[in-house]
Number of protein chains: 2
Amino acid sequence: MRAEVLQVRAFSRAVTRRFGALDEQYLGRRRPLAEARLLFEVGMHATAVRNLRARLGLDSGFLSRLLRSLERQGLLVTESARDDGRIRVARLTRAGRRELHHLNALSDALARSVLAPLSPEQARRLVAAMAEVERLLCASSITITPAQPGDQDAADCRRQYFQELGSRFPEGFRPTAAHALTLRRLEPRAGRVFVARLAGDAVGFGAVRRIAPGMGEIKHMWIAPRVRGLGVGRRLLAELERAARRMRVRVLRLDTHASLTEALGLYRSAGYRKIPRYNDNPYAQHWFEKVLVASARPGRG
Amino acid sequence: MRAEVLQVRAFSRAVTRRFGALDEQYLGRRRPLAEARLLFEVGMHATAVRNLRARLGLDSGFLSRLLRSLERQGLLVTESARDDGRIRVARLTRAGRRELHHLNALSDALARSVLAPLSPEQARRLVAAMAEVERLLCASSITITPAQPGDQDAADCRRQYFQELGSRFPEGFRPTAAHALTLRRLEPRAGRVFVARLAGDAVGFGAVRRIAPGMGEIKHMWIAPRVRGLGVGRRLLAELERAARRMRVRVLRLDTHASLTEALGLYRSAGYRKIPRYNDNPYAQHWFEKVLVASARPGRG
DNA sequence: ATGCTTCCCTGACTATAGTCAGAGAATGCG
DNA sequence: CGCATTCTCTGACTATAGTCAGGGAAGCAT
């Protein structure tokens with residue numbers, strides 16, 4: 001563990017030194033780095049100010065000022081969103097798009113300057129290792145937190161979840177009454193909802209509810225396609241189990257559709273055993289159960 | 001190439017976002033980041049102000065101010081160097097060392113917070129990939145540039161080179177008259193010296209000189225042990241060959257000692273062929289020659 | 001001794017990156 | 001409708017990170 005920590009530190013130093021310096025040198029020459037980053041983040045299509053704030057992690061006042069500055073430079077315009085007048089949407093002008101292209105070119109040059117001194121074989125290996133680091137850092141920065149009641153992100157996930165069920169079930173999918181009794185009605189007495197987030201975006205969610213004294217049920221486990229394979233499902237499930245324990249649940253059940261093969265694999269490897277049908281969910285073909293024991297390692301999936 | 005460039009960019013974004021944010025959050029909480037970095041750089045032993053300036057790349061006035069601030073906080077003291085009254089040396093006080101330990105602990109916590117959400121297998125793979133990226137970024141940031149006449153770094157390298165020869169040759173080593181006619185007397189008419197540098201430190205050097213019309217000789221190739229295996233030797237050799245071509249050299253020769261196995265391998269794989277003894281160097285057992293042709297890919301080793 | 005250079009320092013100034021409180025418009029909720 | 005909340009914006013302020021010119025002390029070359 002000690003060696004791993006030291007390697008992470010050495011890595012951080014090496015990378016921030018190299019890329020931090022280059023970033024300023026390449027991208028910050030023409031304008032403040034914050035403005036350049038904002039241009040990148042707005043990108044080619046209109047983006048809500050609130051999303052920009054979440055992704056860049058900026059203070060509302062500061063971001064507003066940056067927007068005004070870019071607006072004065074004629075690089076972007078802001079306008080109110082159609083469906084919600086409070087939300088403002090930023091969009092690059094033609095000049096802004098040109099500037100973004102320029103920044104992209106600089107950024108490419110920066111990347112090439114890193115690869116150029118290396119042999120083809122070294123460059124290949126560096127790129128492969130970078131892909132691996134990026135993937136795992138992404139996994140590592142995904143947080144799993146309890147949803148606030150009425151959480152918009154959780155509702156978004158639920159919509160996407162249902163949509164995916166519809167496209168994956170051969171027979172199609174329409175939410176039943178049982179599916180409707182969710183989220184809002186779960187919390188806070190009868191259940192808990194957790195949301196996985198990556199840089200401000202919701203990328204997964206899941207719920208646990210009590211269905212009888214000492215017995216709970218996992219519902220609505222869903223992970224966004226772009227973060228599948230990063231172990232988020234496993235972490236989310238562990239989080240739900242911890243929440244279940246805190247709700248004095250000793251036995252957890254769940255049902256699932258035969259076509260959801262990743263889910264089936266996850267449940268099996270997480271210690272869930274097949275049991276006979278315990279409910280009348282018309283979309284379920286498999287039922288599982290797990291007896292919870294005190295966890296030796298809280299905080300780990 | 002395009003895909004590689006995009007991967008490098010994605011990596012840079014991901015890493016600076018993650019570590020940049022954490023750096024500030026962990027290390028910058030108690031004091032300005034620049035002060036924290038300076039404490040790290042001074043470290044446990046006395047360090048000359050000029051070296052701090054070089055390593056951190058700071059303006060002289062700004063660094064001076066940072067030093068005064070840390071001095072006021074009782075974390076370090078500065079004093080004149082014994083042998084050169086102009087040079088000031090910074091040294092942590094007892095309180096400063098305590099603070100450094102604290103920063104180290106925070107930095108460790110930061111590293112652990114990256115590893116914590118991952119499964120043991122993921123953490124293992126992340127650390128391995130980070131080590132690879134760090135190694136190759138290090139290789140990529142090594143620059144190879146012509147030495148200025150009387151370059152102190154080149155002289156340093158030469159000293160270390162002779163020292164290493166002494167420890168590696170079974171028969172020991174004392175520079176002969178032929179070895180003495182170097183560096184200063186090479187440049188700029190009869191030869192060229194190149195120095196490899198990593199973040200301000202010289203980590204290798206090599207020379208080429210003309211020994212007859214159209215014929216040149218590689219001398220004094222040396223790479224610091226800590227950067228061996230990164231392809232620096234190959235790049236340096238390619239640089240020397242380019243310089244030779246510019247000097248209208250068509251045939252390059254070199255000699256080497258049988259115990260320098262890495263060098264032998266490098267010369268062979270770079271296209272040098274064994275030839276009979278062409279000089280009276282008492283420390284040489286192998287002689288090589290290469291006919292230079294116009295290079296198809298300048299800039300690559 | 002004299003002049004040149006190196007090294008570090010101070011004073012004065014600027015740019016960048018925020019933080020915080022509060023106001024005003026739009027929306028959601030009962 | 002009335003009230004609370006959300007979202008964005010502005011004004012006022014602070015902290016951080018520099019840049020630049022110039023000066024004094026020490027060393028170096030002759």
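By convention in this document, chain letters (A, B, ...) are assigned in the order of the sequence lines, proteins followed by strands, and residues within each chain are numbered from 1. Note that these values count all heavy atoms, side chains included, but never hydrogens, waters or copies made by symmetry.
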Nearest-Å distance, CG (L33(B)) to C1' (dT16(D))?
10 Å
Using atom CZ of R37(A) as one end and atom P of dT16(C) as the other, report the distance to the nearest whole Å.
13 Å
Is it true that E239(B) and R192(B) make a salt bridge, defined as a side-chain N closer than 4.0 Å to a carboxylate O?
no
When you check the gap from the basic side-chain N to the acidic O, do E79(A) and R88(A) get nearer than 4.0 Å?
no
Closest to the R86(B) side chain: dA17(C), dG27(D), dA17(D)?
dG27(D)
I87(B) side chain, from C-beta outward: closest of dA25(C), dT8(D), dC8(C)
dC8(C)
Contacts of type side chain to side chain donor-acceptor pair (under 3.5 Å), residue S140(A), not counting sequence neighbours:
R18(B)
Qualifying residues under side chain to side chain donor-acceptor pair (under 3.5 Å), relative to T16(B), sequence neighbours excluded:
none
Those residues at least two apart in sequence (or on a different chain) that pass salt bridge (Lys or Arg N to Asp or Glu O under 4.0 Å) with E134(B) are none
Strictly distance-based, threshold 3.5 Å: is any side-chain N or O of [X] a donor or acceptor partner for the main-chain N or O of [Y]?
X: E35(B); Y: L70(B); result: no
X: S107(B); Y: N104(B); result: no
X: H102(A); Y: R98(A); result: no
X: S141(A); Y: A139(A); result: no

Residues from residues 42-54 of chain B lying under 4.0 Å of DNA chain C - heavy atoms
V49(B), R50(B), R53(B)
Going by heavy atoms closer than 4.0 Å, what residues in residues 58-84 of chain B are next to DNA chain D?
D59(B), F62(B), R65(B), D84(B)
End axis versus end axis in the helix from dA1(C)-dT30(D) to dG30(C)-dC1(D), the angle rounded to 10°, five pairs used at each terminus
30°
Atom of R9(A), atom of A111(B) and distance for their closest heavy-atom approach
CG-CB, 4.0 Å
